[in-house]
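Chain naming here is simple, since letters A, B, ... match the order of the sequence lines and numbering starts at 1 in each.
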Amino acid sequence: MLRNQVQELVEQAVIAGQADASLPAIEMPQVEIARPKQPEHGDYSTNIAMVTAAAIRKATESKPNPRQIAQAIVDHMPDDPLISAAEIAGPGFINLRLAEEWLQEQVAAIVAAGDEFGTIDQGAGQRWQVEHVSANPTGPIHYGGARNAVLGDTLANVLEAAGYEVQREFYVNDGGTQFRLFIETLYARYAQLLGRDEPIPADGYQGDYMLDYAQQIVEEAGDRFLRMPRDAALTELRPLGRALVLVSLEEELAGMGVRYDNWFSEQTLYDEGLIEQSLNYLQERGELVKRDGAVWFLASNYPKHEKDVVVIRSNGQPTYFAGDIAYHYDKFLRRHFDKVIDVWAVDHQGHVPRMNAMMQAFGLDPDRLVILMYDLVKLIEDGKEKKLSKRAGNIITIQEVVEQVGADALRFNLLTRGPESTIEFDMDLAVREAKENPVFYVQYSHARICSMLDKARKAGFAPAAEFDEMDHSVLALLSQPSELALIRKLLEMEEQIATAVEKLSPHNLTYYAMDVAKAFNSFYRDARVIDPDAPALSQARVYLSQATQVVLARTLGLLGITAPQEMWRDDVEIDE
RNA sequence: GUCCCGGUAGCUCAGUGGAUUAGAGCGCUUCCCUGCGGAGGAAGAGGUCGCAGGUUCGAGUCCUGCCCGGGACGCCA
């Protein structure tokens, strides 16, 4: 990665400076490379001189001058085609400028990398799992689940781009009370459709969608389940109801581009004895105790966890947390993921400490489990919050929002904010604003490039793929400010991916996409790409446009958003 | 009561301890189509970064307290 290359050069300078005693032989602080806000401050800068000065001051009580330290580092900067200038500025910053020739050459590198541009090998084949959404399999997913889905899915994309092997998993809560109520409701609706007066359970699911599911059962099985005892019918309905609801969940999520590698059934934890096995494991390690007729996990043994947690109720039933223990036992001790990211809504925040304690009780590094929390989505209607409940059948579904706003705009919108922000969602506003969504600006730029490259091809300026070998010599002609600014912006991609991975919040990529589009549009305004009178320059600009197309397509791809070849306004009024 | 997360432009939100000017989108104002897609470009107005202390060479960013908003504190899931 570019930033790392720059960092290494500075580190080499530091070592060289120490070798000839221009710099004191102390242990040097880590060199941090930043991107200055102001372009006059170069492409990269480092505060290493000031940090070093502070370290020396602390160690020796002398008063070193940061600018002198900076000078020593600058004097020892190795010659490298990457860097054209290293300047000292302000209190002791070292500002580094990328060489123009090197920048120009990168256009070829981007085009050559194509779909792979931006990929970094940080993950080095580590196996990570991202478990997300995991909504109860009892009906359509609430709009809040869309946030979870988009966050998890995009994060998984980004991790893959960073070289991690990622499994996307949906935990199907088919072992607990809610799923039982769902099946009982399904049975009731089924019986009602066949004319029997069967009440929906008290806490059952009131939504109309249950009638659709019941109707499908009727079509598949006729009245078969009425001709057996209720308990037997409920048992047989479980797999059928599960299949129905999973198909609709899968469709709903696919509607916004979210797909899974694995749907993990909670029930299998019971069926395969994993609850018992994982609890035995904890028992052997002395982490469980029997008290008041129940079995407790001694979470209070671990820092920050004051309370113990019940895993087996006094009635012998395991708690939901017992399922979590077994599930994560399976993730780490059977499937051996290097790292697991669970994407949870903030209302589960109280469970995080016990998950951390659980990891330690397993004898595992708690950092291998990351609970990624996102805040709620509140529904606003007529300026007021609307309370929703799936059980009451009163929810805004993902599908509704996708239909009204569009999957691309929805994903982009959800990814313009950090996970911790609370989202107030107003459907009317969203529909009104959908057309103004910046995602179209990005997509439009991409379509515009595609169309223009097409025209270029016809004019005899072929994009690189159609050459056996790219003509690098023309790239040196890309020397206008807006051309170089665009190249610089394109080269940020690896760092943007690294940032998204580091902070486990990929929303910076949406801003990056807008930046790239903006840089391209400025370039496009300033520079005429197809100009028969200047064939070499035209060819160079075609390459640059192509590189931009590569970056936009890749960035949109990571965000799970389509990169259209063309798009036309369909709502333009034709004047006169 | 304890703990967690927010509070940045009219609105929706970004912002890795840095550099006399804190950013984007939308909205608002003014310009730019005889040149490849105007869903565009150039510029402008708009801010006590909730409040008060502290740490430091340097704070929107870290620490403490307070105010406001949201959430969590079950043998529920």
Side-chain angles (χ1 to χ4, degrees), chain A residues 32 34-38 40-41 45 47 50-51 53-54 57 66 89-93 95 136 173 176-179 291-296 304 306-307 309-321 323-324 345-353 373-376 378 385 413 416-424 426 429 432-433 435-445 447-456 458-459 461 482 495 499 502-503 507-508 510-511 514-515 517-518 520-531 538 541-542 545 566-569 571-572:
Chain A
E32 306 268 359
R35 278 190 179 270
K37 280 178 191 155
Q38 293 170 22
E40 312 87 74
H41 294 149
S45 75
N47 62 356
M50 287 174 297
V51 179
R57 184 163 357 102
F93 292 100
N95 294 333
N136 274 331
N173 294 121
T177 312
Q178 294 310 317
F179 186 68
R291 191 193 297 157
D292 305 328
V295 179
W296 299 71
K304 290 188 193 170
E306 318 84 40
K307 291 179 182 172
V309 190
V310 170
V311 291
I312 305 285
R313 300 186 184 93
S314 45
N315 67 6
Q317 289 299 307
T319 61
Y320 186 82
F321 181 56
D324 265 343
V346 73
D347 56 344
H348 287 64
Q349 62 179 257
H351 295 226
V352 174
M373 312 284 289
Y374 65 93
D375 213 286
L376 302 175
K378 286 191 211 167
E385 185 180 354
N413 185 256
T416 52
R417 41 201 105 201
E420 323 79 1
S421 67
T422 309
I423 294 181
E424 298 194 345
D426 183 329
L429 190 66
R432 234 179 298 132
E433 285 184 346
K435 285 179 184 147
E436 303 307 324
N437 191 305
V439 73
F440 299 123
Y441 173 69
V442 179
Q443 291 181 314
Y444 173 74
S445 303
R448 199 182 196 187
I449 294 170
C450 291
S451 151
M452 186 267 287
L453 287 176
D454 214 45
K455 190 159 279 185
K458 285 170 187 152
F461 303 111
S482 59
E495 285 162 41
T499 300
E502 185 189 324
K503 300 164 89 176
H507 65 277
N508 54 306
T510 53
Y511 291 89
M514 283 191 272
D515 279 356
K518 190 168 199 172
F520 175 78
N521 284 319
S522 295
F523 152 75
Y524 193 71
R525 169 75 182 196
D526 290 353
R528 185 173 180 184
V529 177
I530 303 167
D531 181 359
S538 295
R541 287 174 173 167
V542 165
S545 303
E566 57 179 54
M567 61 195 285
W568 303 98
R569 277 208 103 103
D571 61 347
V572 179

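Looking at heavy-atom distances under 4.0 Å, A:Asp292 makes contact with a base. Residue A:Gln317 is out of contact with every strand shown, counting any heavy-atom pair closer than 4.0 Å. Among the atoms of the strands shown, none is found under 4.0 Å from any heavy atom of A:Ala53. Within 4.0 Å (heavy atoms only), A:Leu376 reaches sugar-phosphate atoms of the nucleic acid but no base atom. Note on A:Ala456: nothing from the nucleic acid sits closer than 4.0 angstrom, heavy atoms only. When heavy atoms are screened at a 4.0 angstrom cut-off, A:Thr510 is found touching no nucleic acid atom at all. A:Met50 comes within contact range of at least one nucleobase, with a heavy-atom separation under 4.0 Å. No contact: A:Gly293 has no heavy atom under 4.0 Å from any strand. Note on A:Asp454: nothing from the nucleic acid sits closer than 4.0 angstrom, heavy atoms only. When heavy atoms are screened at a 4.0 angstrom cut-off, A:Gln38 is found touching base atoms of the nucleic acid. Using a 4.0 Å heavy-atom criterion, one finds that A:Arg528 contacts the bases of the nucleic acid, with or without backbone contacts as well. A:Ala527 comes within contact range of at least one nucleobase, with a heavy-atom separation under 4.0 Å.
Applying the salt bridge (Lys or Arg N to Asp or Glu O under 4.0 Å) test to A:Arg313 and every residue at least two apart in sequence or in another chain returns nothing. Annotation: side chain to side chain donor-acceptor pair (under 3.5 Å) contacts of A:Asp347 (sequence neighbours excluded): none. Residues passing the side-chain contact (heavy atoms from CB on, under 4.5 Å) test with A:Asn508 are A:Gln496, A:Thr499, A:Ala500, sequence neighbours excluded. With sequence neighbours excluded, no residue forms a side chain to side chain donor-acceptor pair (under 3.5 Å) with A:Ser314. In this structure A:Asn521 satisfies the side chain to side chain donor-acceptor pair (under 3.5 Å) test together with A:Tyr441, A:Ser445, A:Arg448, sequence neighbours excluded. The salt bridge (Lys or Arg N to Asp or Glu O under 4.0 Å) test applied to A:Asp515 returns A:Lys489, not counting sequence neighbours. With sequence neighbours excluded, the residues that form a side chain to side chain donor-acceptor pair (under 3.5 Å) with A:Asp375 are A:Thr422. Residues satisfying the side-chain contact (heavy atoms from CB on, under 4.5 Å) test with A:Ser482, not counting sequence neighbours, are A:Gln480, A:Phe523, A:Asp526.
Residue A:His507 places its side chain closer to B:G15 than to any other of B:A72, B:G15, B:C36. Taking every side-chain heavy atom of A:Glu40 into account, B:U21 is the closest of B:U21, B:G37, B:A19.
A straight line from CG of A:Asn508 to P of B:U16 spans 10 Å, rounded to a whole angstrom. Going from atom CG of A:Asp324 over to atom P of B:G74 covers 16 Å, rounded to whole Å. The interatomic distance linking A:Met567 (CE) with B:G38 (P) rounds to 13 Å, in whole Å. In this structure, the CE atom of A:Met514 is 14 Å from the P atom of B:C13, given to the nearest Å. Here the P atom of nucleotide B:A39 and the CH2 atom of A:Trp568 are 9 Å apart, to the nearest Å. In this structure, A:Asn95 places its CG atom 9 Å from C1' of B:A19, rounding to the nearest Å. Spacing between atom CE of A:Met452 and atom P of B:G38 amounts to 12 Å, rounded to whole angstrom units. In this structure, A:Phe520 places its CZ atom 10 Å from P of B:G37, rounding to the nearest Å.
Distances shorter than 4.0 Å separate some side-chain N or O of A:Lys503 from OP1 or OP2 on B:U16. Phosphate proximity of B:G74 to A:Lys307: present, with a side-chain N or O under 4.0 Å from OP1 or OP2. A sub-4.0 Å separation between OP1 or OP2 of B:U16 and a side-chain N or O of A:Thr499 is absent.
Looking at A:Ser314, its side chain comes within 3.5 Å of the base of B:C75 through a donor and an acceptor atom. Donor-acceptor pairing under 3.5 Å, judged by distance alone, is absent between the side chain of A:Thr416 and the base of B:A14.
The structure places OH of A:Tyr524 at 9.0 Å from CD1 of A:Ile449, a figure rounded to the nearest 0.5 Å. Atom CG of A:Leu376 is separated from atom CD1 of A:Ile423 by 10.0 Å, given to the nearest 0.5 angstrom.
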Provide a list of protein-nucleic acid N or O atom pairs under 3.5 angstrom, restricted to nucleotides 40-46 of chain B.
unit_1: B:G40; atom_1: O2'; unit_2: A:Arg448; atom_2: NH1; d: 3.3
unit_1: B:G40; atom_1: N2; unit_2: A:Arg525; atom_2: NH1; d: 2.8
unit_1: B:G41; atom_1: OP1; unit_2: A:Tyr441; atom_2: OH; d: 2.6
unit_1: B:A42; atom_1: OP1; unit_2: A:Ser522; atom_2: OG; d: 3.1

Listing time: all N or O pairs from protein to nucleotides 59-61 of chain B that are below 3.5 Å?
none

Protein-nucleic acid N or O pairs under 3.5 Å, nucleotides 5-8 of chain B:
unit_1: B:C5; atom_1: O2'; unit_2: A:Glu420; atom_2: O; d: 3.4

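Annotated as anti: B:C36, whose glycosidic dihedral deviates from 0 by more than 90°.
The two residues A:Asn136 and A:Gln178 make their nearest non-hydrogen contact at ND2-CG, 3.7 Å. The two residues A:Phe461 and A:Asp531 come nearest to each other via the heavy atoms CZ-O, 4.1 Å.
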ask   = How does RNA chain B look in dot-bracket notation if pairs are Watson-Crick or G-U with both distances under 3.5 Å, crossing ones as [ ], other-strand ones as |?
value = (((((((..((((....[....)))).(((((.......))))).....(((((..]....))))))))))))....
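A stacked arrangement is not assigned to A:His348 and the six-membered base ring of B:A72, the conditions of a centre distance below 5.5 Å and an interplanar angle below 30° not being jointly met. Here A:Tyr511 does not pack flat against the base of B:A14, since the 5.5 angstrom centre distance and 30 degree tilt limits are not both met.
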